[in-house]
Amino acid sequence: MVLIYSNARVPDAPAAGEGKAVPLMTSIVIAEPAAPTQKPDKGLRAGALGLVSSVVIAVSSTAPAYSMAATLGLIVAIVGVHSPGTLIVSFLPMLCIAYAFRELNKADPDCGITFTWAARAFGPRTGWMGGWGIIAADVIVMASLSQIAGRYFLDLIGLGGAGTVWVTAAGVAFIALLTGVCYRGIEVSARLQQVLLAVEVGTLTVFAVVALVKAGTGHALPGAAHPGVGWLNPWTGSFGSLSNSFLLAVFIYWGWDCALSVNEETKDSARTPGRAAVTATVILVAIFAVISIAALAYAGPVFLAAHSTDVLGAMATSVLGSTPGKLLVLCVLTSTAASTQTTIMPTARTVLAMSAHGAIPGWFARMHPRYRTPTTATIVMGTVSAIFFVLLTLVSKNVLADSAASVGLLIAFYYRLTGFACVWFFRRDLLTSGRALLTKGILPLVGGLTLFAAFVLSIKSYWPAASSYSSFDGVGGIFLIGAGSLVIGVIVMLVVSRFMPRYFAHGITALDHTESHVEGSVS
């Protein structure tokens with residue numbers, strides 16, 4: 001916090017009595033950034049979540065079990081035993097971006113997050129594309145979430161050999177169920193998240209311990225790798241492989257920003273969501289490092305790469321036995337449920353914020369009078385996700401791989417935009433203290449530049465058809481899904497701007513820089 005002299009005009013003191021002069025007393029109050037004035041009341045239930053619930057939502061949204069099942073094998077296929085090092089190094093830019101979210105949330109706790117902050121920093125069109133990046137990433141990832149949910153549910157009830165049609169039907173039903181939960185209110189969602197996360201983390205802990213014990217006692221699978229310090233080195237000698245594996249690792253960490261999306265429903269909305277985000281990233285790097293080391297030590301890189309679509313399911317029976325192995329299947333299913341729920345929540349709130357600020361039609365901002373949830377935005381999110389899942393299933397041989405990799409492009413896009421927005425928004429504060437320079441400048445800038453570099457290199461890598469399971473006219477499906485969705489966003493933005501010119505002409509009401517960063521009280 002920095003002391004800055006306020007030039008505000010001192011109002012005339014009222015007369016206390018005839019012929020008496022009333023002395024003026026001046027006091028300066030140093031305060032954290034205040035919320036912007038004239039913020040629209042979106043109708044969300046304020047103060048419903050505390051710090052613990054916010055951390056749970058942040059970790060649950062990342063879905064450690066699902067993320068490992070869906071992505072670890074793909075990373076191993078690229079960098080082999082260097083996967084733990086890749087996951088640890090990838091944590092650093094995530095931590096940097098978490099600080100950007102934290103600092104921006106202090107200044108403006110708005111559920112639109114990147115949309116709102118980028119619009120204030122760079123203008124309405126940049127903000128609109130930031131919001132679109134969140135929406136597109138969430139809709140696309142629902143395809144892989146739904147496929148995992150459908151497959152694991154059928155495995156759990158003994159129908160593991162069911163075909164694509166049954167998996168797709170189960171996935172669509174799963175989307176409908178979790179959309180209903182999000183519709184019912186934030187308190188119901190938070191309580192469900194706590195139960196799901198407890199099951200998930202407990203089962204992952206048992207799996208890691210048993211796998212490491214079996215590997216250490218000579219009961220690992222053939223081809224298991226012996227742990228070494230080299231596993232912590234992410235460098236494999238190729239910029240292309242490093243960037244591709246890094247973008248997949250970004251996908252694994254993605255989701256903690258959900259704690260910021262529910263900031264208007266959190267106690268102490270300016271501080272609690274940011275603390276939850278930073279705490280969640282630290283918890284996640286520990287979970288991912290331990291699970292990846294345990295999986296490599298027990299099964300080896302060849303096995304994991306060969307079962308890249310579902311590494312935990314492939315090891316469940318071998319590690320825990322036939323009946324206990326079902327617990328790991330249940331773990332991934334609950335993880336997927338948690339992530340599906342916390343994917344719908346931030347998307348609905350981003351849409352709500354865009355509607356409340358006039359960037360999209362106002363009917364998206366309709367709220368349930370009892371549950372205090374964005375009803376229209378939630379239902380539309382669930383419906384669009386289900387349609388996209390069905391369409392992607394029809395055209396892609398591997399929904400999981402293509403959607404996970406393409407989402408990495410979108411995550412890198414809006415995360416790095418948030419990092420740059422933080423630096424620019426606080427540009428006048430950076431030299432006021434060492435702490436401000438580090439948390440508002442250096443860390444967000446490093447995170448933004450790192451993700452921008454990964455974004456550019458991965459676009460180059462994903463362009464060829466050979467890089468994806470699906471393709472069109474020689475262009476890879478991963479590139480078409482990821483970069484193509486951004487192009488669609490530009491087209492939609494141009495169309496919307498024709499019918500809603502006020503937002504695109506004036507943007508979001510700018511924060512008064514002095515009022516936002518220092519409060520001066522003169523009495």
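- How far CG of L449 is from CZ of R416: 10.0 Å, rounded to the nearest 0.5 Å.
- Looking only at distances, no side-chain donor or acceptor of R102 sits under 3.5 Å from a matching main-chain atom of Y99.
- Considering every non-hydrogen atom in both G112 and A353, the closest pair reads CA-CB, 3.3 Å.
- Of the possible polar contacts, none joining the T272 side chain to the S269 backbone as a donor-acceptor pair under 3.5 Å is found.
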### Task
Start with the C-alpha gap between I360 and V351, add the side-chain angles, then the distance that decides, and say whether side chain to side chain contact (heavy atoms under 4.5 Å, CB included) holds.
CA-CA 8 Å; I360 57 177; V351 171; 3.7 Å; yes
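- Taking CG from D257 and OG1 from T281, the interatomic distance works out to 11.5 Å, rounded to the nearest 0.5 Å.
- Within the 4.5 Å cutoff, no side-chain heavy atoms of L145 are placed close to those of F389.
- Listed for the T279 side chain is no donor-acceptor partner under 3.5 Å among the backbone atoms of A276.
- The distance between the ring centers of Y415 and W256 falls below 6.0 angstrom.
- A cation-pi geometry, defined here as NZ or CZ lying under 6.0 Å from the six-membered ring centre and within 45° of its normal, does not hold between R120 and W117.
- For the pair N263 and D110, the tightest heavy-atom approach, listed with the atom from each and the gap, is ND2-O, 3.1 Å.
- Of all the heavy atoms in L49 and S53, the pair that sits closest is CD2-CB, 4.1 Å.
- Looking only at side-chain heavy atoms (C-beta outward), V55 and I283 come within less than 4.5 Å of each other.
- Between W132 and Y414, the distance from one ring center to the other does not fall under 6.0 angstrom.
- No side-chain heavy atom of V496 sits less than 4.5 Å from a side-chain heavy atom of Y503.
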### Query
side chain to side chain contact (heavy atoms under 4.5 Å, CB included) between V59 and L284: does it pass, once the steps are laid out?
CA-CA 7 Å; V59 176; L284 289 167; 4.1 Å; yes
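- With a 4.5 Å cut-off on side-chain heavy atoms, T393 and Q147 do not count as touching.
- For the residue pair L72 and A295, the shortest heavy atom distance occurs at CD2-CB, 3.9 Å.
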### Task
Could you give me the CA-CA distance, side-chain angles and deciding distance for T450 and C96, then say whether side chain to side chain contact (heavy atoms under 4.5 Å, CB included) is met?
CA-CA 10 Å; T450 303; C96 291; over 6 Å; no
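- Atoms NZ and CZ, from K106 and F101 in turn, are 15.5 Å apart once rounded to the nearest 0.5 Å.
- Not one N or O on the side chain of T71 forms a donor-acceptor pair closer than 3.5 Å with the backbone of M68.
- Salt bridge annotation for R349-E265: present, with a cationic side-chain nitrogen under 4.0 angstrom from a carboxylate oxygen.
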### Task
Report the C-alpha distance between I75 and L87 in whole Å, list the side-chain angles of each, state the deciding distance to 0.1 Å, and finish with yes or no for side chain to side chain contact (heavy atoms under 4.5 Å, CB included).
CA-CA 9 Å; I75 295 177; L87 290 169; 4.1 Å; yes
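- Panel note: side chain S83, backbone V79; no donor-acceptor pair is recorded below 3.5 Å.
- Within the 4.5 Å cutoff, side-chain heavy atoms of M142 are placed close to those of I344.
- With values rounded to the nearest 0.5 angstrom, I175 atom CD1 is found 5.5 Å from S385 atom OG.
- The closest side-chain heavy-atom distance from R151 to V332 is not below 4.5 Å.
- Closest approach of G358 to M500, counting heavy atoms only: O-CE, 3.4 Å.
- Remark: side-chain polar atoms of S61 are paired, donor with acceptor, to backbone N or O of G255 under 3.5 angstrom.
- Annotation: side chain of R366 is not in contact with side chain of P374 (no heavy-atom distance under 4.5 Å).
- A donor-acceptor pair under 3.5 Å is formed between the side chain of E200 and the backbone N or O of A65.
- T432 places a side-chain N or O within 3.5 Å of a backbone atom of D429 that can act as its donor or acceptor partner.
- Summarising the local packing, CZ of F504 is surrounded by more than 12 heavy atoms from other residues, nucleotides or ligands at distances under 6.0 Å.
- At least one donor-acceptor pair under 3.5 Å links the side chain of W128 to the backbone N or O of A359.
- For the pair L409 and A483, the tightest heavy-atom approach, listed with the atom from each and the gap, is CD1-N, 4.2 Å.
- A donor-acceptor pair is defined here as one N or O able to donate and one able to accept, closer than 3.5 Å; no such pair exists between the side chain of S261 and the backbone of C111.
- With a 4.5 Å cut-off on side-chain heavy atoms, L296 and P84 count as touching.
- The environment of CG in L431 is sparse: at most 12 heavy-atom neighbours from other residues, nucleotides or ligands sit within 6.0 Å.
- Here T376 contributes atom OG1 and Y183 contributes atom OH; the two are 8.5 Å apart, rounded to the nearest 0.5 Å.
- Expressed to the nearest 0.5 Å, how far OG1 of T340 lies from CG of D138 amounts to 11.0 Å.
- Within 6.0 Å of atom CZ in R502, more than 12 heavy atoms from other residues, nucleotides or ligands are found, so the atom counts as buried in its surroundings.
- A perpendicular orientation is assigned to the rings of F288 and Y253, their planes being inclined by more than 60° (bins at 30° and 60°).
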